[in-house]
Amino acid sequence: NRQWLLAARPQGAPKLSDFNFVETDIPTPKEGEMLLRTVYLSLDPYMRGRMNDAKSYAEPVAIDEVMVGGTVCRVAESNHPDYEVGEWILSYSGWQDYSISNGAGLLKLGKEPTKPSYALGVMGMPGMTAYMGLLDIGQPKAGETVVVAAATGAVGSMVGQIAKIQGCNVIGIAGGEKKCRSAVEDLGFDACIDHKAPDFAEQLAKACDAGIDVYYENVGGKVFDAVLPLLNPKARVPLCGLISQYNATSLPEGPDRLSMLMGTLLTKRIKMQGFIVFDDYGDRYDEFSQAMSKWLQEGKINYREHLIDGLENTVESFIGLLEGKNFGKLVMQVGPE
Ligand code: NDP
């Protein structure tokens with residue numbers, strides 16, 4: 001049983017030496033338990049926060065513990081009355097080949113799901129994050145301008161496409177020409193601006209000539225700096241993530257602009273609200289799942305997965321996620337289906 005353990009708390013960007021790749025015996029399930037074999041492991045930005053020993057909405061991973069993570073598994077052995085060998089399960093088994101479960105917190109994915117890994121992306125946590133943040137907090141109306149950062153990622157790609165379904169004008173922000181082109185050609189956004197371009201702020205202002213009514217925040221930093229002056233009165237800002245800050249070890253240098261931010265929120269009467277998807281919307285999974293399944297069936301949602309083979313490549317792939325190397329939802333193929 002191969003496992004990735006957290007060896008040290010990363011200072012700044014995580015390094016390979018912050019983790020240990022170990023091999024242990026495959027555990028044996030007791031009565032009422034089962035052995036799960038990981039097929040797919042989801043890599044998500046929140047995992048960076050779990051590596052820190054800081055007070056947050058979830059407990060940190062302890063040193064020498066297996067890194068946490070959402071997984072799609074198959075039942076390899078079962079001493080549990082409700083589960084049969086071979087069944088597909090959505091689990092939270094972490095960065096390892098095998099885990100033991102008593103059934104708590106698992107979701108059955110059916111006998112032969114057509115796309116089992118979708119449960120980690122479009123039909124799972126990132127998809128639901130996009131849906132709830134945009135529709136419940138963003139409240140987009142037809143004709144309004146919606147801007148979304150990390151536009152081709154797991155969450156952002158769904159935000160923009162759902163906003164298009166609502167009849168909005170959608171402007172994405174992404175890193176590099178290839179991702180920006182794909183946001184327009186594959187995802188149907190009206191435009192997508194490269195945040196690495198030297199004149200990024202000017203290009204964004206030009207694309208948003210009617211201002212911004214909803215800004216779906218995934219990134220923070222200089223992307224937010226460019227967005228703030230473009231927000232319209234009564235704009236809504238679902239505050240979903242701040243990935244550009246996850247490796248930060250101190251506050252950024254420069255003048256304190258907090259009073260400017262608060263002044264803008266006040267005079268333009270802007271609503272900015274943070275949320276943690278399952279804490280705030282866990283009871284609305286069925287609503288999301290029905291809406292998203294229908295859109296997928298109707299061909300209204302295009303979903304791009306970035307699949308990387310081999311558990312041994314997990315740390316490198318995670319480091320890449322924080323540098324924008326993924327193009328689509330990042331998923332590790334840990335074992336064969
Ligand atoms: P993505 O698939 O979008 O991957 C991360 C992307 O972030 C990268 O590909 C890169 O895209 C972009 N990025 C990374 N660093 C920077 C930077 N310094 N500046 C600008 N962009 C950067 O990840 P997810 O869709 O899974 O997550 C998106 C956001 O949503 C994250 O902030 C995450 O924490 C948050 N989230 C929040 C949840 C909640 O409940 N509140 C639940 C799930 C996710 P590019 O190359 O285009 O720059």
Side-chain angles (χ1 to χ4, degrees), residues 12-14 41-52 56-58 69-70 120-122 124-134 136-138 147-162 171-184 187 189 192-197 200-201 204 215-227 237-248 252 272-282 284-285 288 303-308 317-332:
L41 163 67
S42 180
L43 291 184
D44 301 277
Y46 75 84
M47 292 168 170
R48 178 64 189 85
R50 300 291 164 86
M51 296 168 191
N52 292 342
S56 184
Y57 62 92
L120 300 171
V122 60
M125 190 275 281
M128 178 145 156
T129 302
Y131 179 93
M132 288 300 165
L134 178 70
D136 196 67
I137 301 175
V147 172
V148 59
T152 61
V155 175
S157 62
M158 295 303 133
V159 169
Q161 292 182 91
I162 298 170
I171 314 293
I173 298 171
E177 198 260 329
K178 202 167 130 197
K179 286 185 179 179
C180 287
R181 187 156 20 90
S182 166
V184 174
L187 305 176
F189 292 14
C192 186
I193 312 297
D194 180 359
H195 65 77
K196 293 177 181 164
F200 159 65
L204 185 69
Y215 173 56
Y216 193 104
E217 176 64 294
N218 283 325
V219 162
K222 74 176 174 63
V223 172
F224 183 72
D225 291 344
V227 164
V237 181
L239 182 44
C240 173
L242 294 168
I243 195 168
S244 75
Q245 309 302 306
Y246 291 174
N247 284 329
M272 181 186 266
Q273 188 185 322
F275 68 102
I276 302 297
V277 64
F278 287 125
D279 294 17
D280 294 319
Y281 297 108
R284 289 174 65 182
Y285 177 76
F288 152 72
Y303 177 56
R304 181 186 186 111
E305 220 169 40
H306 186 155
L307 202 62
I308 297 181
S317 307
F318 181 73
I319 293 170
L321 179 73
L322 300 171
E323 295 170 348
K325 291 205 174 125
N326 65 306
F327 189 1
K329 170 70 191 110
L330 185 56
V331 175
M332 301 305 297

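The structure presented is a predicted model; accordingly, all values stated were derived computationally and were not measured. Each ligand, and each atom within it, is numbered from 1 in the order the structure gives.
Here the side chain of Lys179 pairs a donor or acceptor atom with the backbone of Gly324 at under 3.5 angstrom. Counting only distance, with no hydrogens or angles, the side chain of Ser244 and the backbone of Val219 share a donor-acceptor pair below 3.5 Å.
Nearest approach of Phe189 to Gln161, heavy atoms of both residues: CE1-N, 3.8 Å. Between Asp194 and Gly176, the shortest heavy-atom distance links the atoms OD1-N, 2.9 Å. Considering every non-hydrogen atom in both Ala151 and Gly172, the closest pair reads CB-CA, 3.7 Å. Residue Gln245 comes nearest to Gly220 through the heavy atom pair NE2-C, 4.4 Å, listed as atom of the first residue, atom of the second, then distance.
Less than 4.0 angstrom separates some heavy atom of Leu242 from each of these atoms of ligand 1: 32 (O). Residue-ligand proximity, Ile276 to ligand 1, at heavy-atom distances under 4.0 Å covers atoms 40 (O). Listed by number with element, the atoms of ligand 1 under 4.0 angstrom from any heavy atom of Ser244 are 17 (C), 18 (N), 19 (N). Within ligand 1, the atoms closer than 4.0 Å to a non-hydrogen atom of Gly241 are 32 (O), 35 (C), numbered from 1 in the order shown. The contact set between ligand 1 and Val219, taken as ligand atoms under 4.0 Å from a residue heavy atom, comprises 19 (N), 20 (C), 21 (N).
Remark: distances from the non-hydrogen atoms of Leu239 to ligand 1 are all 4.0 Å or more. Judged by the shortest distance from any of its heavy atoms, Thr152 lies outside the 4.0 Å radius around the atoms of ligand 1. The closest approach between any non-hydrogen atom of Cys240 and ligand 1 is below 4.0 Å. For the pair Lys179 and ligand 1, a heavy-atom separation below 4.0 Å is found. Ligand 1 is never approached by Phe278 to a heavy-atom distance shorter than 4.0 Å.
At under 3.5 Å, a nitrogen or oxygen of Val155, whether backbone or side chain, sits near a nitrogen or oxygen of ligand 1. Here's the thing with His195: one of its N/O atoms is less than 3.5 angstrom from an N/O atom of ligand 1. An N or O contact shorter than 3.5 Å is missing between Ile173 and ligand 1 by distance. For ligand 1, the polar-atom distance check against Leu321 finds no nitrogen or oxygen pair separated by under 3.5 Å. An N or O contact shorter than 3.5 Å links Phe275 to ligand 1 by distance. Between Tyr46 and ligand 1, not a single N/O pair is under 3.5 Å apart. Remark: ligand 1 and Gly175 share an N or O pair separated by less than 3.5 Å (distance only, no angle test).
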Trace of the side chain to side chain donor-acceptor pair (under 3.5 Å) decision for Ser42 with Lys329: CA-CA 8 Å; Ser42 180; Lys329 170 70 191 110; 2.9 Å; yes
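In this view, Thr129 and Met125, Val155, Tyr216, Cys240, Phe275, Val277 satisfy the side-chain contact (heavy atoms from CB on, under 4.5 Å) rule, not counting sequence neighbours. The salt bridge (charged side-chain N to carboxylate O under 4.0 Å, His left out) search around Arg284 returns Asp136, Glu287, not counting sequence neighbours.
Asn218 CG to Phe224 CZ: the interatomic distance, rounded to the nearest 0.5 Å, is 13.0 Å.
Residue nearest to atom 42 (C) of ligand 1, selected from Val148, Asp44, Thr129, Asn247: Thr129 (by heavy-atom distance). With atom 16 (C) of ligand 1 as the reference point, the heavy atom nearest to it among Val277, Asp279, Ile243 is part of Ile243.
When each of Val147, Leu204, Val223 is checked for a side-chain contact (heavy atoms from CB on, under 4.5 Å) with Ile193, only Leu204 meets the rule.
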